[in-house]
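Shown next, in structure tokens, is the structure this report addresses.
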Amino acid sequence: MKPNYKTVNQPRRKKDAMSLLLGKPVYLDDIGPKDCLVVKVVRSPHAHALIQAVDAREALAVPGIVGIYTYEDVPQKRFTNAGQTAPEPSPHDRLILDRRMRFVGDAAAIVAGETEESVEEAMKALKITYQVLEPVLDLHSAKDNPVLVHPEENWRSLCPVGADNRRNLCAAETCEEGDVEGVFADCEEIVEGTWRTQACQQAMMETFRTYTEIDHYGRLHVVSSTQIVFHTRRILANALDIPKSKIHVEKPRIGGGFGAKQTVVAEIYPAFVTWTTGRPAKMIYSRKECQIAGSPRHEMEVKVRLGAMKDGTIRALDVYTLSNTGAYGEHGPTTVGLSGHKSIPLYTNGLEAFRFAYDVVYTNVQAAGAYRGYGATQGIFAVESAVNELAERLHMDPVALREKNMVRQGQVMPAYYHETASACALDRCMARCKELFHWEEKYPVREMGGGKVRTAGVAMAMQGSGISGVDVGSATVKLNDEGFYNLAIGAADMGTGCDTILAQILAECMDCDLEDVTVFGADSDASPYDSGSYASSTTYVTGKAVEKACEQLKENLCKIAAELLECDENEVAFAGREVRRLDGTGSVTLAQLAEKSMCGNTVPVQITYTHSSPVSPPPFMVGMAEIEVDRETGGVELLNYTAVVDCGTPINPNLARVQTEGGLVQGIGMALYEGVTYDSKGQIQENTFMQYRIPTRLDIGKLQVEFAPSYEESGPFGAKSIGEIVINTPAPALAHAIYRATGVWHHRLPITPEKILLGEDGR
């Protein structure tokens with residue numbers, strides 16, 4: 001029976017909705033001063049080169065130029081830009097500026113000046129001479145290539161992830177369970193294939209941007225559009241080689257991140273200028289810079305071998321992923337694991353053996369980073385496509401095939417670190433999606449005349465809820481005058497609505513109105529520690545911290561009330577706006593408790609609770625796509641996309657719905673339109689939105705989203721995550737539908753009209 005919640009599981013409006021609607025100045029460029037130094041970076045035109053000489057005389061003569069900095073001016077301590085919990089799994093392979101250029105767009109020099117015009121003029125006048133070297137551009141030839149992307153002696157890997165810079169390896173591992181080859185030998189059907197996904201850009205509306213200054217205490221104050229205030233502090237301290245106590249990081253409103261801002265991209269350059277000059281500085285990336293020197297999704301090639309019986313029982317899965325981390329290793333060792341560990345477990349029911357191996361290689365292209373889905377997206381595209389090929393080969397309904405093999409409630413998932421599917425409504429997601437979509441009507445291939453054909457495809461997915469045993473979420477809940485609450489968090493709301501969701505959890509726990517909760521965050525000085533807004537962790541991990549903090553606060557309020565009512569603590573009960581005596585003879589209001597807390601009181605009314613979970617319960621999802629293909633042009637029109645998601649208890653159904661819709665659109669873009677490609681010299685060919693096409697509202701047809709709730713005991717009010725899983729089903733579902741329409745399996749994304757028209761399968 002559905003609990004009767006007052007605030008949780010209710011479609012409440014986001015707390016910042018009106019300020020955004022009315023155009024209030026809340027983003028970094030709104031609140032940063034206009035008279036600070038302008039910082040820009042001169043970027044390498046070569047994929048692999050050594051700087052031989054820099055002539056800055058003419059550039060320094062430009063009026064308004066304050067400084068020009070090269071590799072000779074920065075600390076020689078290597079660090080990683082990846083915003084991850086220490087010990088950092090990504091190799092320490094960066095300098096603020098390096099003599100060696102590792103991709104077209106790598107930072108060669110920093111220019112700081114009074115105006116944008118002077119800085120741009122100086123950049124043109126700066127003369128840099130390069131020794132051009134042979135680059136490694138193909139991920140297939142990178143491993144053990146004689147050309148090394150990182151030959152330096154001070155390269156370091158802090159964690160045992162299989163990294164070896166002398167082999168161009170950022171990470172490598174193999175894990176397996178069961179007699180893999182023995183089970184395959186006994187299978188009646190084996191599907192083998194290789195699926196390739198290109199790098200994709202997050203394309204968030206607000207580009208990378210940071211403002212820096214020296215505060216009144218001589219500390220570096222950094223205001224940045226970031227998902228990771230605490231990790232940013234550590235990364236900047238490592239890069240600048242200064243104590244972390246000298247750095248204070250805060251975030252304003254963020255105009256989207258999708259994982260891009262889990263990497264320190266823009267922060268280091270103005271921070272270096274400010275720390276060097278003592279003057280305020282600001283850097284705002286252009287859209288072109290975001291395209292050529294950002295942190296896109298990792299290009300991956302995923303090989304799948306699937307063993308099954310004629311009746312559709314899937315008995316073995318063997319997955320090998322080759323991932324391209326690009327010039328630097330941020331997030332390289334961690335994204336790749338999701339390609340297997342969050343695709344193979346979908347088929348736990350009946351699976352007897354699995355193997356998952358990977359290599360992550362360095363190449364001389366733009367460094368990759370974090371993007372919604374974080375490697376699961378690529379792996380699920382491959383594994384789900386292999387399952388759809390099996391269904392076609394067996395002449396079996398792909399829905400029925402999944403129903404036979406999908407993970408079920410209570411099953412242990414060996415390929416998912418032996419965690420139990422403690423709350424799993426995947427079967428109900430499939431049943432409801434099939435019903436909503438009218439699968440039996442839309443799945444058959446239907447000739448529409450004029451060379452057009454309609455049909456459908458299906459896929460399912462799982463993700464996680466934070467990083468088990470690693471992610472930490474904290475919350476501080478404080479009772480104030482008149483009985484309202486402050487909630488301080490270190491998680492960053494980047495448009496997802498986490499400020500509102502966490503406030504809803506507090507309001508439900510404290511039985512108050514949502515308007516009685518103010519939210520503050522994120523600030524490395526004032527917020528309690530939080531790993532950051534990534535890995536689908538905020539609602540599940542930080543939300544539980546809010547819930548636990550509220551429990552402790554209620555206990556403390558009862559202690560104060562008992563003192564005022566002159567009775568024992570066990571004789572009172574918290575009742576929302578007051579604390580009452582159980583015998584009905586008296587009560588104390590929240591306002592009175594707040595007043596008492598300020599005079600002669602020793603019981604805290606400000607509670608900080610820190611939470612970390614030993615498990616990461618997966619959300620589950622099913623997606624079905626109906627398309628119309630024009631065989632004469634290769635054009636694909638997406639008519640309908642239906643998704644049903646199990647995210648536990650949706651804390652705010654409206655926000656969960658728009659999260660799902662947004663993720664679906666990004667997944668559709670990855671499947672049909674988006675991809676980063678390079679010319680023979682390593683130059684990115686899609687450096688603006690004129691070349692890099694993202695879907696518009698006209699491209700996505702009708703989106704239909706529903707939820708199949710489960711109840712996750714370890715989550716706040718039964719919640720799991722929603723942020724990432726929603727991007728994972730469009731690519732395999734659309735590839736399946738396109739095969740149904742054309743008879744060609746496409747193994748490489750994006751599936752463009754040209755490929756469809758030419759019958760090119762992308763292998």
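Positions are given from 1 along the sequence. Everything numeric here is computed off the predicted structure, so don't read it as measured data.
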> Should R305 and E181 be marked as a salt bridge (charged side-chain N to carboxylate O under 4.0 Å, His left out) after you check the CA-CA gap, both sets of side-chain angles, and the distance that decides it?
Replying inline: CA-CA 11 Å; R305 185 168 53 137; E181 295 306 326; 2.7 Å; yes

> Going through the checks in order, is the side chain to side chain contact (heavy atoms under 4.5 Å, CB included) test met by L317 and V304?
Replying inline: CA-CA 7 Å; L317 275 166; V304 178; 4.2 Å; yes

>> Between E706 and R657, does the salt bridge (charged side-chain N to carboxylate O under 4.0 Å, His left out) criterion hold? Intermediate values first, please.
In response: CA-CA 8 Å; E706 274 201 12; R657 185 177 305 279; over 6 Å; no

>> Let's go through Q378 and T197 carefully: what are the C-alpha distance in whole Å and the side-chain angles of both, what is the deciding distance for side chain to side chain donor-acceptor pair (under 3.5 Å) to 0.1 Å, and is it a yes or a no?
In response: CA-CA 6 Å; Q378 297 96 307; T197 64; 4.6 Å; no

>> Please evaluate residues I684 and V676 with respect to the criterion side chain to side chain contact (heavy atoms under 4.5 Å, CB included), reporting the C-alpha separation (whole Å), side-chain torsions for both, the decisive distance (0.1 Å), and the verdict.
In response: CA-CA 7 Å; I684 287 179; V676 174; 4.0 Å; yes

>> As a quick check of understanding, evaluate side chain to side chain contact (heavy atoms under 4.5 Å, CB included) for R454 and L639, giving each step before the final call.
In response: CA-CA 9 Å; R454 290 186 181 182; L639 303 174; 3.4 Å; yes

> Run the side chain to side chain contact (heavy atoms under 4.5 Å, CB included) check on I722 and V645 step by step: do they pass?
Replying inline: CA-CA 8 Å; I722 185 70; V645 186; 3.6 Å; yes

>> Is there a salt bridge (charged side-chain N to carboxylate O under 4.0 Å, His left out) between D427 and R408? Walk through the geometry before answering.
In response: CA-CA 7 Å; D427 53 347; R408 303 276 176 158; 3.5 Å; yes

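With sequence neighbours left out, A737 forms a side chain to side chain contact (heavy atoms under 4.5 Å, CB included) with I627. Applying the side chain to side chain donor-acceptor pair (under 3.5 Å) test to H140 and every residue at least two apart in sequence or in another chain returns D138, E301. Not counting sequence neighbours, the partners of V407 by the side chain to side chain contact (heavy atoms under 4.5 Å, CB included) test are T348, Q411, M413, A421, C424, L426, F620. Under the rule for a side chain to side chain contact (heavy atoms under 4.5 Å, CB included), the partners of S465 that lie at least two apart in sequence or sit in another chain are Y540, S616, P617, P619, K720, S721. Residues meeting the ring pair (Phe, Tyr, Trp, His ring centres under 6.0 Å) test with Y416, sequence neighbours left out: none. Residues that satisfy the ring pair (Phe, Tyr, Trp, His ring centres under 6.0 Å) test with Y285, not counting sequence neighbours, are F208. Every residue was checked against the ring pair (Phe, Tyr, Trp, His ring centres under 6.0 Å) condition with F437, not counting sequence neighbours, and none meets it. For E435, the side chain to side chain contact (heavy atoms under 4.5 Å, CB included) partners at least two apart in sequence or on another chain are R432.
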Identify each donor-acceptor pair in which a side-chain atom of residues 661-671 lies under 3.5 Å from a protein atom, sequence neighbours left out, and give them as a table.
unit_1	atom_1	unit_2	atom_2	d
Q666	OE1	R372	NH1	2.7
Q666	NE2	Y371	OH	3.4

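Legend: ring-ring contact (aromatic ring centres under 6.0 Å, His included) pairs involving residues 671-691, not counting sequence neighbours: none detected. Pairs engaging residues 337-346 under the side chain to side chain donor-acceptor pair (under 3.5 Å) rule: T321-S339 [sequence neighbours left out]. Residue pairs meeting the ring-ring contact (aromatic ring centres under 6.0 Å, His included) criterion with at least one member in residues 293-338, sequence neighbours excluded, are H150-Y328, H331-Y374.
In this structure, E674 and Q198 have side chains that are not in contact, with every pair of non-hydrogen atoms separated by 4.5 Å or more. Contact check for W439 versus V458: side-chain heavy atoms found under the 4.5 Å cut-off. Looking at heavy atoms from C-beta onward, R315 lies out of side-chain contact with L351 at the 4.5 angstrom threshold. Using a 4.5 Å heavy-atom threshold, the side chains of Q291 and Y692 count as touching. Looking at heavy atoms from C-beta onward, K261 lies in side-chain contact with E206 at the 4.5 angstrom threshold. Side-chain contact between F103 and I292: absent, with no pair of heavy atoms (C-beta onward) separated by less than 4.5 Å. Contact check for Y358 versus L322: no side-chain heavy atoms found under the 4.5 Å cut-off. Side-chain contact between T313 and K404 is present, with at least one heavy-atom pair separated by less than 4.5 Å.
Residue R393 is tested with E192, E188, E189 for a salt bridge (charged side-chain N to carboxylate O under 4.0 Å, His left out); the sole match is E189. Checked options H438, M430, M460; the residue passing with M624 is M430 (criterion: side-chain contact (heavy atoms from CB on, under 4.5 Å)).
A salt bridge is absent between K452 and E447: the closest approach of a Lys/Arg side-chain nitrogen to an acidic carboxylate oxygen does not fall below 4.0 angstrom. In summary, D699 and R693 engage in a salt bridge, as defined by a charged side-chain N under 4.0 Å from a carboxylate O.
Listed for the N364 side chain is a donor-acceptor partner under 3.5 Å among the backbone atoms of R102. Here the side chain of H747 pairs a donor or acceptor atom with the backbone of T194 at under 3.5 angstrom. With hydrogens and angles ignored, the 3.5 Å screen pairs no side-chain donor or acceptor of D318 with any backbone N or O of F356. Looking only at distances, no side-chain donor or acceptor of Q262 sits under 3.5 Å from a matching main-chain atom of Y534. A distance-only check finds no donor-acceptor pair linking the side chain of R631 to the backbone of G635 [under 3.5 Å]. Under a 3.5 Å cut-off, the side chain of R428 and the backbone N or O of P709 do form a donor-acceptor pair. Judged purely by atom type and a 3.5 angstrom limit, Q366 uses its side chain to pair as donor or acceptor with the backbone of A293. With T263 contributing its side chain and V265 its backbone, the two residues share no donor-acceptor pair below 3.5 Å.
D646 approaches C429 most closely through the heavy-atom pair N-SG, 3.6 Å. The minimum heavy-atom distance linking G375 with M300 is given by the pair CA-CE, 4.0 Å. Pairing each heavy atom of L169 with each of Y362, the nearest pair is O-CE1, 4.0 Å. The shortest heavy-atom contact between A741 and V629 is CB-CG2, 3.7 Å. The minimum heavy-atom distance between P444 and R740, with the atom names listed, is CA-NH2, 3.9 Å. Residue P732 comes nearest to E384 through the heavy atom pair CB-CB, 3.6 Å, listed as atom of the first residue, atom of the second, then distance.
Within 6.0 Å of CD on E134 lie no more than 12 heavy atoms contributed by other residues, nucleotides or ligands. For E440, the CD atom counts as loosely surrounded, since its 6.0 Å shell holds 12 or fewer non-hydrogen atoms of other residues, nucleotides or ligands.
A donor and an acceptor atom, one from each side chain of T677 and E686, are located under 3.5 Å apart. With no hydrogens or angles considered, a side-chain donor-acceptor pair links N728 and Q463 at under 3.5 Å.
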